[in-house]
Amino acid sequence: MGSAFDEIDFDYATTMASRANGFMSRHGVPPTPDNFAVWFYYAMGGSPTLKKTIDILVANKRKFDAVINRDLYVTYVNPHSDRSTTEDFPDQLRGVIDSAKDFLTAAISDHRDQMETLGEVSSQCKPTADPRPIIERLVKELSKATTRSSALEANFLKTTKDLDEIKDSLKLAEQHSNTDALTGLANRRSLEGFLRSAQMSAMETGTPLSILMIDIDHFKKFNDTFGHQVGDQVLRLVARVLQENVRECDLAARYGGEELMAILPGAPIDACAEAAERVRRRISEARLTRRTTGEELTSVTVSIGVAQFRMGESADRMIERCDRALYQAKRAGRNRVETESAEGEEIAA
């Protein structure tokens, strides 16, 4: 996108800048460099999907808060801005890189010295010269080269191993930061990021987006009657069934306490309700046993609410509607699925 900015002339750029400032002022957007880049691009009409997304947000009277402004910038202007730079790498990684650089510098210096030595040996190769000292020197230099090559190979192998360990550690740390330790599902932080991206995509493409929220019926009774270990076992059971019954493109997460949630990009509300019913049925058919004694415990049931994204609405508003559907399921007798009630708002796709 930078090249598109570079190619415009002064008068046109001035006009677009004035228009961008007007848009930001009208919609209460702080005039930061990142926000200006978004609205300048919008004023240019440089991205139809950006224009469509902003127009939907404006039509639905959404406030351009810090989260939305950041998402617009990262999604449409500078998708690489969220990536970490080398300054953010751990000290361990910098140490490996510095060690490799030092070793390579020494190897290059040794190689240069060897080439100079071989040049001197070459100059001594005259018809009348005694070949024995020359051969001895060549053998000595070749021995040094072999030793140096072996050391270089060993160092590269060690560096590769260290980098692989760091990569695995970083991957594991990222997984831990996005995963709920008890259930193994995505945590609240991961869910919120995924949902924001899914909303942006739904507004760009007009495709549906639905969510389902699960609450375990009488969960407190499990804890009070059988203890918290059994309560944790119930949570893991429900999480496993949920994970097994959503698609790879969906996200199953622990929303908080005994509430779990799944985000289904591209799924209309009917398809989401079908998935929710499948989850509900399989949980009710599961048999929970106490691990210490093998005793079969009371069956587990869940109540589930389902809602579909409406153009331009906030994540909180969609979750609130899903939560109302969930509690309607509880009021209607539990162990059931309820979809949101229509309120006359535009639904994505």
Side-chain angles (χ1 to χ4, degrees), residues 180 182-183 185-186 188 191 195 198-199 208-226 228 230-247 250-288 296-311 313-349:
D180 176 66
L182 176 62
T183 63
L185 300 180
R188 179 77 171 263
L191 179 145
L195 183 54
Q199 285 180 288
L209 165 65
S210 298
I211 62 174
L212 63 87
M213 183 181 290
I214 300 173
D215 188 84
I216 301 171
D217 297 331
H218 306 297
F219 183 70
K220 186 175 183 298
K221 179 181 175 182
F222 281 100
N223 283 330
D224 293 344
T225 305
F226 304 109
H228 288 281
V230 172
D232 290 348
Q233 194 177 340
V234 170
L235 268 170
R236 283 191 287 266
L237 166 68
V238 174
R240 177 172 55 79
V241 173
L242 174 61
Q243 185 70 75
E244 290 173 351
N245 287 278
V246 294
R247 304 164 300 176
D250 302 331
L251 182 79
R254 185 180 183 187
Y255 186 65
E258 68 270 26
E259 288 187 333
L260 308 179
M261 183 181 290
I263 303 171
L264 284 68
I269 193 166
D270 291 344
C272 188
E274 288 176 8
E277 176 57 27
R278 187 166 59 247
V279 169
R280 183 206 64 78
R281 186 177 66 254
R282 292 185 180 176
I283 289 173
S284 67
E285 293 170 352
R287 291 296 171 260
L288 189 70
E296 187 171 304
L297 304 177
T298 307
S299 61
V300 180
T301 63
V302 296
S303 299
I304 306 178
V306 178
Q308 183 169 336
F309 176 59
R310 294 172 178 174
M311 287 292 192
E313 74 175 344
S314 66
D316 289 342
R317 187 170 182 181
M318 177 168 58
I319 291 172
E320 180 184 342
R321 288 189 292 103
C322 191
D323 195 48
R324 288 203 298 269
L326 167 62
Y327 280 94
Q328 176 59 32
K330 285 190 169 295
R331 285 193 294 270
R334 294 184 168 85
N335 190 24
R336 59 188 295 126
V337 175
E338 289 286 345
T339 59
E340 59 170 326
S341 57
E343 298 175 10
E345 297 181 49
E346 182 185 4
I347 295 179

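All of these numbers come straight from a predicted model, not from anything done at the bench.
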Would you compute the distance between atom CG of L195 and atom CZ of F309 and round it to the nearest 0.5 angstrom?
8.5 Å
CE on M261 to CG on L185, rounded to 0.5 Å:
12.5 Å
A307: which residues meet the side-chain contact (heavy atoms from CB on, under 4.5 Å) condition with it, sequence neighbours left out?
I211, R321, C322, E340
Ignoring hydrogens, what is the shortest heavy-atom contact between V238 and L260? Give both atom names and the distance.
CG1-CD1, 3.4 Å
Sorted by chain and number, sequence neighbours left out, salt bridge (Lys or Arg N to Asp or Glu O under 4.0 Å) with R247 holds for D250
Examine the side chains of R331 and Q328 and answer whether a donor and an acceptor come within less than 3.5 Å of each other.
yes
Nearest heavy-atom contact between L212 and I214 is CD1-CG1, 3.7 Å
Considering residues at least two apart in sequence or located in another chain, which fulfil the side chain to side chain donor-acceptor pair (under 3.5 Å) criterion with R287?
none
Once side chain to side chain donor-acceptor pair (under 3.5 Å) is applied, do any residues pair with E258, and if so which ones, sequence neighbours excluded?
none
By side chain to side chain donor-acceptor pair (under 3.5 Å), which residues pair with R188, not counting sequence neighbours?
E192, Y255
Expected output: side-chain R254 to main-chain T183 donor-acceptor under 3.5 Å:
no
Table please: side-chain donor-acceptor pairs of residues 265-277 below 3.5 Å, with sequence neighbours left out.
residue, atom, partner, partner atom, Å
E277, OE1, R280, NE, 3.1
E277, OE2, R280, NE, 3.3
E277, OE2, R280, NH2, 2.6

What salt bridge (Lys or Arg N to Asp or Glu O under 4.0 Å) pairs are there with at least one residue in residues 209-222, not counting sequence neighbours?
D215-K330, D217-K330, K220-D224
Contact summary for Q308 and M318, nearest pair of heavy atoms:
C-SD, 4.0 Å
Residues at least two apart in sequence or cross-chain that pass salt bridge (Lys or Arg N to Asp or Glu O under 4.0 Å) with E320, listed by chain then number, are R324
For residues S303 and A329, report the shortest heavy-atom separation together with the two atoms involved.
CB-CB, 4.0 Å
d(L235 CG, H228 NE2) to nearest 0.5 Å is 11.5 Å
CZ (R310) and CG (L209) are apart, to the nearest 0.5 Å, by 12.5 Å
CG-CG distance between D180 and L191, expressed to the nearest 0.5 angstrom:
11.5 Å
Across all chains, not counting sequence neighbours, the side chain to side chain donor-acceptor pair (under 3.5 Å) partners of E244 are none
In this structure, CG of D232 is separated from CG of L237 (nearest 0.5 Å) by 12.5 Å
